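Because the structure is a prediction, the values reported are computed rather than measured.
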Amino acid sequence: MVDCKVIKPTILLDHLEWEKLSLRNTTTFNEKSIILALSSPTSQSECNAEEAYSWRKGQAIFASGSTFDPIEYDGKVLVPRQV
């Protein structure tokens, strides 16, 4: 496994298990992570918007191959985008 503290990623693309393990660690060097969960349909998505925002405590830019409804997190409405 790649150590995210060494490579310091700013964009995470498609690798759900790696994302789950590393997203929590990116807060030390990224104010926001860009998370692209590009699989479609929604049932095949690597993660959903709620998971991504939760993993990053609301500090993520999330886009997906599927549509997701806006998420309320810590009093803010976060709007996922579709690519």
Side-chain angles (χ1 to χ4, degrees):
M1 176 177 283
V2 176
D3 184 349
C4 69
K5 292 179 183 175
V6 173
I7 63 169
K8 299 181 180 178
T10 56
I11 299 175
L12 297 172
L13 175 67
D14 277 343
H15 295 285
L16 177 59
E17 291 307 315
W18 190 76
E19 287 178 6
K20 284 180 181 177
L21 295 171
S22 64
L23 276 172
R24 292 173 186 93
N25 295 324
T26 63
T27 58
T28 59
F29 50 84
N30 286 324
E31 184 176 326
K32 286 189 177 187
S33 289
I34 300 169
I35 302 166
L36 303 173
L38 300 179
S39 293
S40 189
T42 304
S43 63
Q44 299 297 313
S45 185
E46 293 78 12
C47 68
N48 62 46
E50 187 172 4
E51 290 172 323
Y53 294 132
S54 174
W55 293 336
R56 280 306 315 259
K57 300 180 182 176
Q59 297 300 307
I61 297 168
F62 178 83
S64 174
S66 302
T67 58
F68 288 98
D69 292 329
I71 303 295
E72 186 173 337
Y73 186 90
D74 197 26
K76 297 179 190 173
V77 175
L78 304 170
V79 181
R81 300 298 181 196
Q82 184 177 12
V83 292

Shared ILVMFWY cluster between V83 and I61, side chains joined below 4.5 angstrom?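 Same hydrophobic cluster.
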Could you measure the distance from the CZ atom of R81 to the OG1 atom of T67? Nearest 0.5 Å is fine.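 Going from the CZ atom of R81 to the OG1 atom of T67 covers 12.5 Å.
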Quick one: pull up CZ in F62 and CD1 in I34 and give me the separation to the nearest 0.5 Å.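 Rounded to the nearest 0.5 Å, the CZ-CD1 separation comes to 13.0 Å.
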If you look at every heavy atom in [X] and [Y], which pair is closest and at what distance?
X: A52; Y: A60; value: O-CB, 4.3 Å
X: C47; Y: F68; value: O-CZ, 4.0 Å
X: Y73; Y: S54; value: CE1-CA, 4.1 Å

Can any side-chain N or O of S64 pair as donor or acceptor with the backbone N or O of Q82 at less than 3.5 Å?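 Such a contact is absent between S64 side chain and Q82 backbone.
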Taking Q59 for its side chain and R56 for its backbone only, find out whether a donor-acceptor pair lies under 3.5 Å. no
Atom CD of E50: over 12 foreign heavy atoms under 6.0 Å: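 No, the 6.0 Å shell around CD holds no more than 12 heavy atoms from other groups.
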